[in-house]
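Here's the structure we're looking at; comments come further down.
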Protein chains: 2
Amino acid sequence: MLTIGNLAKKTGTKVQTIRYYEQIELMPEPGRTEGGQRRYGDAELDRLSFIRHSRQLGFSLDAIRELLDLGDHPNRPCHEADAIARRQLKQVERRIARLEALRTELNRMVHECSGGRTADCRVLEVLRDHAACLTDHDGIGA
Amino acid sequence: MLTIGNLAKKTGTKVQTIRYYEQIELMPEPGRTEGGQRRYGDAELDRLSFIRHSRQLGFSLDAIRELLDLGDHPNRPCHEADAIARRQLKQVERRIARLEALRTELNRMVHECSGGRTADCRVLEVLRDHAACLTDHDGIGA
DNA sequence: GATACATCCTCTAGCCACTAGAGGTTCAAC
DNA sequence: GTTGAACCTCTAGTGGCTAGAGGATGTATC
């Protein structure tokens, strides 16, 4: 039986985050000691590990909820899980593309900075001038 | 003189966002009509464009505040603006690296899915199995 | 001048995924 | 029995917006 602190350590989660997951019903209510402290078993460890790994892969808590639900029904066709993963992959690819464009622009900014006064600063200039190029209005998306 | 709605259209910002920027003092309080509606001039259009472009480049509102401040003091040395841009560039590069790792893993998951039942689903399996590899405990960072 | 109606106003609350802190209790070791 | 780390609940805050209620204003048309 694990205390919440030990479960936190084993999964690389903060204690408050575990309680938060319980509050939003992503984690089940665990057993308690007589004094009211939470105690966890292996099932909870597995579930939380799954959640954390999915979070590291960028899945939203809602997507994780779906995935957990799918895992609970082993006889259903798996194309739903596949669809969630594909959706996630697409999102990741979009973010990468967007960030690579940013990198290019930032690189240019940084390399053109002459180190003079701010009046001549390319960084500020680029930021100011590109103000005109706001054709792409969907934010940084990352 | 622009209404808030027209300023919003010109800069690809939502009306509420402009009012939010005013509230947090990133945008100045504009002039008003007799009836109390906001009216904007070119200075505000420039400033908001600068803000939006910086946001698209991934700068935080705090960083933008600094940049705007630097722009207001043209005789100061520009290494501060440069430092902000460099910091931003580093962050973007870290995000890209992280996302590329995710892409690899998601790709593997998706390509190994056989389309059978969830019981055999590679997507769920990978998520479950990699639960063990939680050595990297710093979140998705993106 | 009246009317319609799009746009504006303020204010509050919500989103995601946590995170922090106050103020108090329990557990395990010594 | 005492210490002190870890636990408890509860509330509020983070960033960067976004949504909606309920009402006022501005402008075009008749």
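These figures come from a predicted structure and were not determined experimentally. Each chain gets a letter, A, B and so on, in the order the sequences are listed, and its residues count up from 1.
Rounded to a whole Å, the CD1 atom of Ile18(B) is 12 Å from the C1' atom of dC8(C). To the nearest angstrom, P of dA20(C) lies 15 Å from OH of Tyr20(A). Per the geometry, CD belonging to Gln16(B) stands 13 Å off P belonging to dT7(C), to the nearest Å. Summarising the geometry, the separation between CE on Met1(A) and P on dC7(D) is reported as 16 Å, rounded to the nearest angstrom. Rounded to whole angstrom, the span from the CD1 atom of Ile24(B) across to the P atom of dT18(D) amounts to 13 Å. Distance CD (Gln23(A)) to P (dT11(D)): 11 Å, rounded to an integer number of Å. Rounded to a whole Å, the CD atom of Glu34(B) is 16 Å from the C1' atom of dT27(D). The distance from atom CD of Glu25(B) to atom P of dG15(D) is 15 Å, rounded to the nearest whole Å.
For the pair Thr17(B) and dT18(D), the criterion of a side-chain N or O lying under 4.0 Å from OP1 or OP2 is met. Between Arg52(B) and the phosphate of dC17(D), there is a side-chain N or O to OP1/OP2 separation shorter than 4.0 Å. Regarding contacts with the backbone of dG16(D), every side-chain N or O of Lys14(B) stays at 4.0 angstrom or more from both OP1 and OP2. Put simply, Thr3(A) has a side-chain N or O that comes within less than 4.0 Å of OP1 or OP2 on dC7(D). Within the 4.0 Å cut-off from OP1 or OP2 of dT9(D), at least one side-chain nitrogen or oxygen of Arg38(A) is found.
Note on Arg19(B): a base of the nucleic acid sits closer than 4.0 angstrom, heavy atoms only. In this structure, Ile4(A) reaches the sugar-phosphate backbone alone: every heavy-atom distance under 4.0 Å involves primed, P, OP1 or OP2 atoms, never a base.
Of the candidate nucleotides dA28(C), dC17(D), dC9(C), dC17(D) has the atom nearest to the side chain of Tyr21(B). Distances were taken from every side-chain heavy atom of Leu61(A) (C-beta onward) to each of dC9(C), dA17(C), dC8(D); the shortest belongs to dA17(C). Residue Arg32(B) places its side chain closer to dC9(C) than to any other of dC17(D), dC8(D), dC9(C). Distances were taken from every side-chain heavy atom of Gln37(B) (C-beta onward) to each of dC17(D), dC7(D), dC9(C); the shortest belongs to dC9(C). In this structure, of dT10(C), dC27(C), dC8(D), it is dC27(C) that holds the atom nearest to the side chain of Thr33(A).
Within the 4.5 Å cutoff, the side chain of Arg39(A) has heavy atoms near those of the Thr33(A) side chain. Side-chain atoms of Leu7(B) and Val15(B), non-hydrogen and from C-beta on, never get closer than 4.5 Å to each other. Side-chain contact between Arg32(A) and Gln37(A): absent, with no pair of heavy atoms (C-beta onward) separated by less than 4.5 Å.
Of the residues near DNA chain D, Gly35(B) and Asp62(B), the one whose nearest nucleotide (by heavy atom distance) lies more toward the 5' end is Asp62(B). Residue whose closest nucleotide on DNA chain D sits further toward the 5' end, between Arg39(B) and Ser60(B): Ser60(B).
Salt-bridge formation is detected for the pair Asp82(B)/Arg86(B): a Lys NZ or Arg NE/NH1/NH2 atom is positioned less than 4.0 Å from an Asp or Glu carboxylate oxygen.
Using a 3.5 Å distance cut-off with no hydrogens or angles, the side chains of Asn6(A) and Thr3(A) do pair a donor with an acceptor. Checking Arg52(B) against Tyr21(B) by side-chain atom types alone, a donor-acceptor pair falls below 3.5 Å.
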